[in-house]
2 protein chains.
Amino acid sequence: MEPSAPSRRVTIVDVARHAQVSTTAVSKVLRNAYGASPEMRAKVRRAIDELGYRPHAGARGLRGQTYTIGVMLPDIRNPFFPEILDGITGSLEDTEYQVFLGPGGNGEKAEARVTEAMIDRRMDGIIMIAPVSPRTHLEQVASSVPTVVVGRHGSSPVYDTVVDDDVEGASLIVDHLAGLGHRRIAHIEHRETDPTRRAEMPNARRADGYRQAMRALGLAESIDVVSTSYTQEGGYKGAKELLARPRLPTAVFAGADIVAMGVLEAVAEAGLSVPGDISVAGYDNTTFAALGPISLTSVDQAGHEIGRNAARLLLERIADRRRPSVQVRLSPTLVPRRTTARPPE
Amino acid sequence: MEPSAPSRRVTIVDVARHAQVSTTAVSKVLRNAYGASPEMRAKVRRAIDELGYRPHAGARGLRGQTYTIGVMLPDIRNPFFPEILDGITGSLEDTEYQVFLGPGGNGEKAEARVTEAMIDRRMDGIIMIAPVSPRTHLEQVASSVPTVVVGRHGSSPVYDTVVDDDVEGASLIVDHLAGLGHRRIAHIEHRETDPTRRAEMPNARRADGYRQAMRALGLAESIDVVSTSYTQEGGYKGAKELLARPRLPTAVFAGADIVAMGVLEAVAEAGLSVPGDISVAGYDNTTFAALGPISLTSVDQAGHEIGRNAARLLLERIADRRRPSVQVRLSPTLVPRRTTARPPE
DNA sequence: CACCCTTTGGGAAACGTTACCCACAGCCCG
DNA sequence: CGGGCTGTGGGTAACGTTTCCCAAAGGGTG
């Protein structure tokens, strides 16, 4: 085996010559386009197989499509994304489209770099998962390539959206805890100051959902929200703060599983037991929430469904770029585990 | 904002006209190529900025490079990969290269699809992380594009490799346990039958390392290996089997953290305590190993370093495709936590 | 001062594919 | 039997960039 053999690749011209037809004809077969008889198709396909021809995606992109879909992923570590991704790739595996992931790096600048790179490569469509970029940037991207935004509330005429109902998810937790008898239910949120992001980011919607659900249960006075960040450390600090309250909460609803991990740590340090003294719930139903030693009550977003819908919407929009924008909202489900129980007497 | 405005993009021709030079000149500036005076460069760069020009990667690829690096990731869920990825993207963020991830889907077929797609898109180089494909396929890929293989032992003249020393990692654990006083140390491995994979796959190397280390300590008779798979269930089943032994092991070295999770579950079910009755160690130092309630002793592979090296080797090979292949081997470190302690008296 | 080399710049032909349009044959219909 | 469809196939000009080459100008050298 040669180190990187310089052998010329088989091109459409070679296929055409071998099949004794024009390159136009081969191109038509490749794209399943109109204007080729069944016999012609058969002949061309045979030539393709015999020569082992594969089209050059870049060259195709010069005139037509690249058959490439870009998925912007802000943070690969987030154990919730793989589900979405499976949904996307699953929907696309029977098509000609190939999915590539762009590491977003969790910042506006990194996100911009990736989306620009995708546009430079003329990807046919882009799926942005839980982007942190301002809406104007999303719209700018969407104005030059078909785009679906996942996990941002708020709609735009230029891109489609798929979200899980975070308000509903927050209620699921609050109702579950209240159903067990809890009244002093506290919440740890990810601090959000920017007004449009308060309206669009899932973390803010979860906090809103918490407040709404508490009020609906007549527990308005027990509303207690600590603002930190969606990290383990944020959970730890938030819990420390809650544990310093004159009257301790009997349950903590952390806005994300990873936050709940910090809470569990702080609670253990304080010498309290879970769920004996305090119940803890997270959000996202991440892999580790299910692990035996943790067994964290959480909310499952239908990740697979989210991905499937995003892929579907994107294909539709690639097919018809001027169809009106669509918003899909899915419902989460509660996954009760061993970190929540009746409050102490 | 128009839905997907049809506005023509700025091309190199526009830039040339605006700067009153030839397209050749602009191209030279873009590539930092020889044959452009400083004044010329300045003039062209200004025009580029004024027009907001961005080169079309596909068109570039037709003649030259695409400035795109593909990273094949077999399983996004593996919490060890993000570290490697950070190392890669970190090394590349000051270059013109853009990284895209191809979801490998943990199977030969899926891996082949992704690598072919990368080649079809004329990516300048490919990094394959822990591929499961047979070596012939790796060499085939490497023969058409510069390639670095991460996490496969065994070298090839056509691709570079970066591995962490799994034999050494296994010793770290065995020595650690023996140092605490354990003698009956069992191991749960991922079953591997194919002979070349036994030599190349990390899981097989870990099992070998375990045996070697046991023999080196004079514990050859206590060698006890159970073959299941690197999954939580595999750990659970493996542990069940070990717990049915007439003389229980006092420590279990699971070949991966996720396996250790299954072990912890089985041990808890058996009414035994960790590390009181039995010590448990994993491998990979995944995120959840560090979580408070778990606190699993593990082995840390220098993921970041692995990624940095892979990126460096790839750039070198892109620059000189016929330089001899290089193998980099890094050393892991032990991360002792609360699941390992002295054996019961 | 003739010659050659170096520096700077540009013209034009690739690169591999698709879009656009035209030609031709066969057929149906009035 | 003429006119207009429909189905089939191909010629050719894009698409946006880089590479290969050549030309001209300037400067050093014998």
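Every chain is numbered from 1 and lettered A, B, ... according to where its sequence line falls, protein lines coming before strand lines.
- Take the nearest nucleotide of DNA chain C for B/Arg122 and for B/Pro38: the residue whose nucleotide is more 5' is B/Pro38.
- In this entry the distance linking CG of A/Leu30 with C1' of C/dA19 reads 15 Å, nearest Å.
- Side-chain atoms of B/Ala25 lie closest to C/dG10 of the nucleotides C/dG16, C/dT18, C/dG10.
- Checking C/dT8, C/dG16, C/dT18 against every side-chain atom of B/Tyr34, the shortest atom distance belongs to C/dT8.
- A donor-acceptor contact closer than 3.5 angstrom links the side chains of B/Arg113 and A/Gln98.
- Annotation for B/Val163 and B/Arg152: closest pair CG1-O, 3.2 Å, computed over non-hydrogen atoms.
- At a cut-off of 3.5 angstrom, counting only N and O atoms as typed in the model, there is no donor on one side facing an acceptor on the other between the side-chain of B/Thr24 and the base of C/dG9.
- The nearest whole Å value for the distance from the CD atom in A/Glu96 to the P atom in C/dT17 is 13 Å.
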For B/Thr95 and B/Glu93, run side-chain hydrogen bond (donor to acceptor under 3.5 Å, both in side chains): C-alpha distance rounded to whole Å, both residues' side-chain angles, the deciding distance at 0.1 Å, then the answer. CA-CA 5 Å; B/Thr95 71; B/Glu93 73 185 348; over 6 Å; no
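- Between A/Arg60 atom CZ and C/dT18 atom P there is a gap of 5 Å when expressed in whole angstrom units.
- Nearest nucleotide to the A/Thr11 side chain, out of C/dT17, D/dT17, C/dA19: C/dT17.
- Nucleic acid contact for A/Arg31: sugar-phosphate only, since backbone atoms but no base atoms lie under 4.0 Å from a heavy atom of the residue.
- One atom, CD of A/Gln20, and another, P of D/dG9, lie 14 Å apart when rounded to the nearest Å.
- Regarding A/Met40, its CE atom lies at a distance of 17 Å from the P atom of D/dG7, rounded to whole Å.
- With hydrogens and angles ignored, the 3.5 Å screen pairs no side-chain donor or acceptor of A/Thr147 with any backbone N or O of A/Tyr159.
- With D/dT18, C/dG10, C/dT17 as the candidates, the nucleotide lying closest to the side chain of B/Ser22 is C/dG10.
- When the nearest nucleotides of DNA chain C are assigned to A/Tyr67 and B/Ala36 by heavy-atom distance, the more 5′-ward of the two goes with B/Ala36.
- Between A/Ser37 and D/dG9 there is a side-chain N or O to OP1 or OP2 distance below 4.0 Å.
- Listed for the A/Asp160 side chain is no donor-acceptor partner under 3.5 Å among the backbone atoms of A/Gln327.
- Residue A/Leu62 contributes atom CG, which lies 9 Å from atom P of D/dT17 at whole-angstrom precision.
- Among the atoms of the strands shown, none is found under 4.0 Å from any heavy atom of B/Val26.
- Rounded to an integer number of Å, the gap from NE2 of A/His56 to P of C/dT18 is 12 Å.
- As judged by a 4.0 angstrom heavy-atom cut-off over every strand, B/Ser27 is placed among the base-contacting residues.
- The A/Lys28 side chain lies nearest to D/dG10 when the options are D/dG10, D/dG16, D/dT12.
- Here the nucleotide nearest the side chain of B/Val21, chosen from D/dT17, C/dT17, C/dG10, is C/dG10.
- Of the candidate nucleotides C/dT17, D/dT8, D/dT19, D/dT19 has the atom nearest to the side chain of B/Arg63.
- Protein atom CZ of B/Arg17 is 14 Å distant from nucleotide atom P of C/dG11, rounded to whole Å.
- Between the side chain of B/Arg9 and the backbone N or O of B/Arg54, at least one donor-acceptor pair lies under 3.5 Å.
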